[in-house]
Structures are given as C-alpha cells and as structure tokens.
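Keep in mind that this is a model prediction, so the values were computed, not measured.
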Amino acid sequence: MTAPRKLAKSSSSGISYSQNIEDRDFRLKKAILWLRKKDSVTKTLIDSVGPCNLKTIGSPYQVLIKSVLGQQLSTKVALTFERRLIALAETKKIPSPERVLRIPNEDLRKIGVSQAKTETIKRVAEAYQSRIISDSKLHKLEDKNVLELLCSLKGVGPWTAEMVLIFALDRWDHFSINDLILRKSVEKHYGISKDNKKEIQEFLKSFSPYRTILSWYLWADVDGGEGWG
C-alpha cells in the first residue's frame with residue numbers, strides 16, 4: 001500500500017518519493033508488457049520467472065566497489081568478500097573512499113582480495129577522493145559516457161561498468177555480453193551459442209530499449225533470482 005500523498009516525502013525537484021516509485025513501477029510494467037509481446041520464447045521466460053524485482057542496490061560508488069570485488073566470482077563468493085571488506089573497515093556498509101585509502105594493501109590481501117583487485121579498489125577510491133569521478137557526475141552522464149569514464153580506470157572493464165549502469169544508475173537498455181551466465185541463458189532460451197558474442201549482440205538489438213529488463217529475467221531463470229537484482 002502506498003503512503004498517502006500528504007505524507008509523501010518531497011524531493012528537491014518537487015516530486016515526492018512515492019510518486020517516483022509509482023512512476024518507476026508503471027514504466028516497469030510497461031516494459032514487461034512490451035517484452036511479453038516480443039515473441040513466444042520471451043513471454044514463456046517472463047511468465048515462468050514471475051514479477052520483475054529489478055532494483056538498485058546502492059550508490060554508483062558502492063556498486064562499483066561491489067563489482068570490482070565480484071569480478072569473475074559467483075554472487076555468493078562476491079558477497080563474502082564484500083562482508084570481509086566491511087568488517088575490515090569497521091563500517092556498516094561499503095567503506096568511503098577515504099576509509100578505503102587508509103586500509104593497508106596487505107590487509108586487503110589478508111582477507112583474500114587479489115593484488116589486482118586491491119589496486120583497482122584503491123584507484124576507484126583515489127578517483128572519487130580527487131573528484132575525477134563522483135556519483136552526481138555519473139548520474140548526469142549518458143550511458144556511453146559513464147562506460148567511458150569508468151573504463152578509463154585500469155582494472156575497471158565493461159562488465160564492471162555495466163553493473164553500475166544497471167544496479168546503481170537504473171539504466172534499462174544494457175546487456176552485459178561478457179557475463180557468462182547471461183550468455184548461457186540466451187543459449188538455453190534462444191538457441192544462440194554462448195560463444196557467439198557477435199550474434200547474441202545482434203539478436204538483442206531488437207530488445208532495445210529494455211535489454212536490462214530482459215537481462216534480469218535471463219539471470220533470474222538461471223540463479224532463481226538470487227543475484228544482485
């Protein structure tokens with residue numbers, strides 16, 4: 001049940017929080033309806049998974065750190081490293097850039113974070129501390145510019161940047177071609193080899209502007225919805 005309008009919290013733009021939620025819910029339902037009409041395979045996929053629970057899971061900075069930790073790892077293992085980092089920093093959530101920079105590299109290595117990921121996490125923290133990157137800046141940028149800016153940091157590749165687009169910035173037209181789980185799910189449902197990235201990308205063009213929503217369903221079908229989204 002939504003809160004009464006008179007109790008809704010107002011944002012700086014004059015639009016209440018509840019209005020923002022209602023608008024997003026409406027757009028999400030519209031996107032799902034559009035996808036269900038796309039073809040019988042997609043309709044079956046959506047109906048078998050059920051309601052879409054795609055949501056943001058943190059600020060761009062937080063999701064960027066989560067994504068770096070989660071590179072080439074299962075969701076469960078990635079969450080383990082996230083909890084270890086939070087415990088190490090003695091914080092209740094992903095530590096701030098300033099706190100990350102105060103953590104000795106050897107301490108990160110002791111909790112199992114690889115040398116490469118340690119260095120990348122520190123680069124991210126430095127970029128935020130120097131304001132080369134900021135959450136507000138990322139929110140204002142077009143999708144391609146977000147990717148360019150984040151991928152300019154050594155150790156941050158397209159997959160990592162796309163997780164920020166999807167799970168922090170709530171952009172709805174992305175399919176992460178380097179995500180093996182997604183490609184396996186495409187192969188399962190649409191019969192395109194998981195190894196044929198070019199054909200997958202070409203095929204998915206017709207699902208624009210809702211490739212993120214389709215991705216969520218493809219993820220959910222494989223892991224039961226236990227992923228980030």
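Of the inter-residue distances, the one linking Leu108 atom CG with Lys122 atom NZ reads 5.5 Å to the nearest 0.5 angstrom. Here CG of Leu79 is found 8.5 Å from OG of Ser74. Values are rounded to the nearest 0.5 Å. Of the inter-residue distances, the one linking Lys37 atom NZ with Lys43 atom NZ reads 12.0 Å to the nearest 0.5 angstrom. Going from atom CG of Asp179 over to atom CD of Glu162 covers 9.0 Å, rounded to the nearest 0.5 Å. Put simply, NZ on Lys194 and CD1 on Ile200 are 9.5 Å apart, with the number rounded to the nearest 0.5 Å. Once rounded to the nearest 0.5 Å, the distance linking NZ of Lys184 with NE2 of His189 reads 13.5 Å.
Under the 4.5 Å side-chain criterion, counting only non-hydrogen atoms from C-beta, Leu150 is not in contact with Leu165. At a threshold of 4.5 Å between non-hydrogen side-chain atoms, the residues Val222 and Lys188 do not count as touching. Two residues are said to be in side-chain contact when any heavy atoms from C-beta on lie closer than 4.5 Å; Thr120 and Arg123 meet this criterion. Residues Leu54 and Arg24 are in side-chain contact: their nearest non-hydrogen atoms beyond the backbone lie under 4.5 Å apart. Residues Leu85 and Ile65 are in side-chain contact: their nearest non-hydrogen atoms beyond the backbone lie under 4.5 Å apart. Residues Trp216 and Val49 form a side-chain contact, since some pair of their non-hydrogen atoms from C-beta on lies under 4.5 Å apart. Residues Tyr61 and Ile133 have side chains not in contact (no heavy-atom distance under 4.5 Å, counting atoms from C-beta outward). Side-chain atoms of Lys137 and Leu149, non-hydrogen and from C-beta on, do get closer than 4.5 Å to each other.
Remark: the backbone N or O of Trp159 is not paired with any side-chain donor or acceptor of Gln71 at under 3.5 angstrom. Looking only at distances, a side-chain donor or acceptor of Arg183 sits under 3.5 Å from a matching main-chain atom of Ile177. Ser48 contributes a side-chain N or O that, together with a main-chain N or O of Thr44, makes up a donor-acceptor pair within less than 3.5 Å. Without hydrogens or angle criteria, Arg84 side chain to Gly112 main chain gives no donor-acceptor distance under 3.5 Å.
Atom CD of Glu90 has 12 or fewer heavy atoms from other residues, nucleotides or ligands within 6.0 Å. Counting non-hydrogen atoms of neighbouring residues, nucleotides and ligands closer than 6.0 angstrom, the NZ atom of Lys110 reaches no more than 12 such neighbours.
Checked by atom type, the side-chain pair Glu199/Ser193 shows no donor-acceptor distance below 3.5 Å.
In terms of heavy-atom proximity, Pro60 sits nearest to Leu169 at CG-CD2, 3.7 Å. Closest non-hydrogen pair, Cys52 versus Ile213, comes out as SG-CG2, 4.3 Å. Taking both residues in full, the closest heavy atoms of Thr212 and His174 are given as OG1-N, 2.9 Å, listed atom of the first, atom of the second, then distance. Annotation for Leu69 and Glu82: closest pair CD1-CA, 3.9 Å, computed over non-hydrogen atoms. For the pair Phe175 and Ser215, the tightest heavy-atom approach, listed with the atom from each and the gap, is CD1-OG, 3.3 Å. The two residues Leu101 and Gln129 make their nearest non-hydrogen contact at CD1-OE1, 3.2 Å.
Relative orientation of the Phe167 and Trp219 rings is tilted, given thresholds of 30° and 60° on the angle between their planes.
For Lys154, there are no salt bridge (Lys or Arg N to Asp or Glu O under 4.0 Å) partners, not counting sequence neighbours.
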query = Please walk me through it: do Thr42 and Ile46 pass side-chain contact (heavy atoms from CB on, under 4.5 Å)?
reply = CA-CA 6 Å; Thr42 307; Ile46 290 172; 4.0 Å; yes

query = Where do Leu73 and Lys117 land on the side-chain contact (heavy atoms from CB on, under 4.5 Å) test, with the steps shown first?
reply = CA-CA 12 Å; Leu73 297 176; Lys117 288 184 180 181; 3.5 Å; yes

message = Please evaluate residues Tyr210 and Ile32 with respect to the criterion side-chain contact (heavy atoms from CB on, under 4.5 Å), reporting the C-alpha separation (whole Å), side-chain torsions for both, the decisive distance (0.1 Å), and the verdict.
response = CA-CA 8 Å; Tyr210 299 124; Ile32 293 167; over 6 Å; no

task = Kindly determine whether Ser96 and Tyr128 satisfy side chain to side chain donor-acceptor pair (under 3.5 Å), including the steps that lead there.
result = CA-CA 9 Å; Ser96 68; Tyr128 265 84; over 6 Å; no

inquiry  = Leu204 vs Tyr190, test: side-chain contact (heavy atoms from CB on, under 4.5 Å). Steps then yes/no.
reply    = CA-CA 10 Å; Leu204 290 172; Tyr190 298 100; 5.6 Å; no

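If you chain together hydrophobic residues whose side chains sit under 4.5 Å apart, Ile121 and Ile132 fall into the same group. Tracing side-chain contacts under 4.5 Å through hydrophobic residues (I, L, V, M, F, W, Y), one never reaches Ile86 starting from Leu64; they form parts of separate clusters. Two different hydrophobic clusters hold Val186 and Leu180 under the rule that ILVMFWY side chains link at heavy-atom gaps under 4.5 Å.
A salt bridge does not link Arg102 to Glu98: none of the charged side-chain nitrogens sits closer than 4.0 Å to a carboxylate oxygen. Between Lys29 and Asp25 there is no salt bridge, since no side-chain nitrogen of the basic residue lies less than 4.0 Å from a carboxylate oxygen of the acidic one.
Put simply, the residue from Thr160, Val100, Leu153 that forms a side-chain contact (heavy atoms from CB on, under 4.5 Å) with Val124 is Leu153.
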